[in-house]
Number of protein chains: 2
Amino acid sequence: MTGNRTGDEAKGGDGFGNRSETRAEATAARIVGAARGLFLAKSYAEVTTDLIARAADVTKGGLYHHFPSKESLYLSMMLEELDRKRLLFEKAVAMAGDSRERLARLTRDFLDLPTDERELMRLVRRDINIFDGVERDQLVRAYQRALPEQVEAILRDGIRDGELSVADPRLLSWSFVALVEIVIGDYAHRALGDTGARLDHVLELFFGGAAARRVGAAV
Amino acid sequence: MTGNRTGDEAKGGDGFGNRSETRAEATAARIVGAARGLFLAKSYAEVTTDLIARAADVTKGGLYHHFPSKESLYLSMMLEELDRKRLLFEKAVAMAGDSRERLARLTRDFLDLPTDERELMRLVRRDINIFDGVERDQLVRAYQRALPEQVEAILRDGIRDGELSVADPRLLSWSFVALVEIVIGDYAHRALGDTGARLDHVLELFFGGAAARRVGAAV
DNA sequence: CTACCGACCGACTGACCGGTCGGTCACAGT
DNA sequence: ACTGTGACCGACCGGTCAGTCGGTCGGTAG
């Protein structure tokens with residue numbers, strides 16, 4: 001009743017021959033968008049295919065016309081999202097400057113992200129357990145390519161150039177990402193303040209540690 | 001058929017009057033134990049009450065005789081476990097020594113834990129989203145009392161005594177716990193080696209940071 | 001105008017799962 | 001021996017949900 005989609009954006013103005021699939025693509029994109037919002041708000045199990053379909057103004061039949069399963073819909077949504085993030089963070093890696101400056105740029109890019117995009121990266125960790133085998137690997141690798149491997153590339157340069165002490169760069173990158181995750185969230189916002197302060201906190205802690213600087217005499 | 005529990009451990013030898021509930025308690029404990037193992041191996045949704053009952057050699061009716069719901073069973077299991085951990089970590093807090101020594105003791109206690117007990121503490125983070133309201137608060141507070149608040153107490157002393165730079169102790173404690181969690185898991189085991197090496201890595205990173213120590217001239 | 005095709009519909013199915021409930025049985029007190 | 005009690009049984013229920021399938025409709029080619 002409410003959901004008629006006759007005409008509307010179908011076809012439109014550009015009359016290309018090889019670009020005629022716009023209608024189905026638009027629906028698929030609408031479904032992915034609805035799924036994105038719902039998976040952010042509720043757990044995977046709580047988000048039903050009916051719910052997604054209704055939010056996308058399609059029926060369940062329509063949804064299953066575009067996606068073979070709920071899992072593959074989730075995967076499509078997440079892989080797409082993670083690949084966009086990879087592209088974003090690669091800019092910081094490609095930047096000129098020492099490792100601390102590049103890491104600051106990457107972290108700032110991350111902290112400046114809209115809340116929902118940041119939260120989506122946490123969804124991977126939340127939902128990773130519901131996938132098996134190939135699909136799980138896909139998800140893990142897409143996440144690692146998006147964030148930890150970008151951090152790792154910068155840290156590797158830092159170690160090579162003597163800016164960082166010699167250590168396993170992968171472990172360091174995971175550690176750094178973990179520290180950044182601490183600093184998002186309400187409590188850190190109240191305790192530290194705006195993005196700049198949180199960025200400084202993370203960098204200071206990661207590079208300099210938590211020990212008090214010795215001002216006067218040595219031990 | 002297979003599950004007859006006639007006689008067996010019922011009553012046993014101790015013929016006390018006020019200590020006669022052993023039978024039901026033993027069954028409840030068996031159920032909690034079975035639930036513990038299953039929740040470790042599978043996600044909350046995947047673990048059915050049937051499965052738990054069968055693993056505990058009871059029927060679903062028996063299970064519901066002891067626990068009013070699946071959630072409350074999970075909660076019983078987890079709160080019990082977390083309280084045991086709090087008791088363990090409180091020993092390190094009560095210990096004499098500077099903050100680094102006490103933190104090392106706490107971390108070593110954590111790393112030396114059997115795998116399943118360590119993983120149970122990660123379950124809290126995994127499953128926290130499936131609870132609401134009071135039960136969620138119970139779970140969160142039990143976890144925080146078990147680990148982060150113990151770390152925070154040590155860090156607070158360290159700041160007071162000038163061993164640590166002035167910062168928000170709660171954020172620092174979360175950061176420390178996050179760093180420790182990096183160091184459990186297969187990759188860290190391969191990259192770093194035994195418990196001692198992993199302990200050193202965490203402490204060194206947390207107290208001293210990742211930056212290379214300046215050996216020669218200052219900046 | 002007609003035949004066709006793919007997008008989409010929505011009622012339905014089969015399986016599963018948390019929780020219930022009437023019943024059974026071993027045992028303790030008498 | 002008799003009876004009450006509570007631990008435990010297991011078939012069953014109500015509800016949910018992923019996935020299916022026969023069908024409709026609008027546009028497009030011929």
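Here is how names work: the chains are called A, B, and so on, in the same order as the sequence lines, proteins then strands, and each is numbered from 1. Hydrogens, waters and symmetry mates play no part in the numbers below; they use all other heavy atoms, side chains included.
Rounded to whole Å, atom P of C:dC8 lies 6 Å from atom NE2 of A:His65. Between the C1' atom of C:dC9 and the CG atom of A:Asp57 lies a distance of 12 Å, rounded to the nearest Å. Rounding to whole angstrom units, CG of residue B:Leu63 and P of C:dC17 are separated by 15 Å. Atom CZ of A:Arg54 is separated from atom C1' of C:dC8 by 16 Å (rounded to the nearest Å). The interatomic distance linking B:Ile52 (CD1) with C:dC17 (P) rounds to 12 Å, in whole Å. Atom NE2 of A:His66 is separated from atom P of D:dG19 by 17 Å (rounded to the nearest Å).
For A:Thr59 and C:dG10, the shortest distance from a side-chain N or O to OP1 or OP2 is not below 4.0 Å.
Ion pairing of A:Glu80 with A:Arg84 is present here, as a side-chain N (NZ or NE/NH1/NH2) and a carboxylate O approach within less than 4.0 Å. Comment: A:Arg102 engages A:Asp157 in a salt bridge, judged by a side-chain N to carboxylate O separation of less than 4.0 angstrom. Remark: A:Asp83 does not engage A:Arg145 in a salt bridge, criterion side-chain N to carboxylate O under 4.0 Å.
Applying the salt bridge (charged side-chain N to carboxylate O under 4.0 Å, His left out) criterion to B:Arg54, with sequence neighbours excluded, gives no partner residue. Shown here are the side-chain hydrogen bond (donor to acceptor under 3.5 Å, both in side chains) partners of A:Asn129, two or more places apart in sequence or in another chain: there are none.
In this structure, A:Leu120 CG and A:Met78 CE are separated by 5.5 Å, a value rounded to the nearest 0.5 Å. Distance check: B:Ile31 CD1 to B:Arg36 CZ gives 15.5 Å after rounding to the nearest 0.5 Å. Here the CG atom belonging to B:Asp168 is positioned 3.5 Å from the OH atom belonging to A:Tyr187, to the nearest 0.5 angstrom.
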Using atom names, set out every protein N or O paired with an N or O of nucleotides 14-18 of chain D below 3.5 Å, distance rounded to 0.1 Å.
unit_1	atom_1	unit_2	atom_2	d
D:dA18	OP1	A:Lys70	NZ	2.9
D:dA18	OP2	A:Thr49	N	2.9
D:dA18	OP2	A:Thr49	OG1	3.0
D:dA18	N7	A:Lys60	NZ	2.9

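Position along DNA chain D of the nearest nucleotide to B:Gly62 versus A:Glu71 favours B:Gly62 as the more 5'-ward residue.
The environment of A:Arg136 atom CZ is dense: over 12 non-hydrogen atoms of other residues, nucleotides or ligands sit within 6.0 angstrom.
Comparing C:dC8, C:dC9, D:dC9 by their closest approach to the side chain of B:Val58 singles out D:dC9.
Each end of the helix from C:dC1-D:dG30 to C:dT30-D:dA1 yields a helix axis from five base pairs, and these two axes differ in direction by 10° (to the nearest 10 degrees).
Across B:Leu63, B:Thr49, B:Thr48, a single residue satisfies side chain to side chain contact (heavy atoms under 4.5 Å, CB included) together with B:Lys70, and that is B:Thr49.
For the segment residues 127-140 of chain B, no residue has any heavy atom less than 4.0 angstrom from an atom of DNA chain C.
Among residue pairs with one or both ends in residues 170-193 of chain A, those qualifying as salt bridge (Lys or Arg N to Asp or Glu O under 4.0 Å) are A:Arg125-A:Glu181, A:Glu152-A:Arg170; sequence neighbours excluded.
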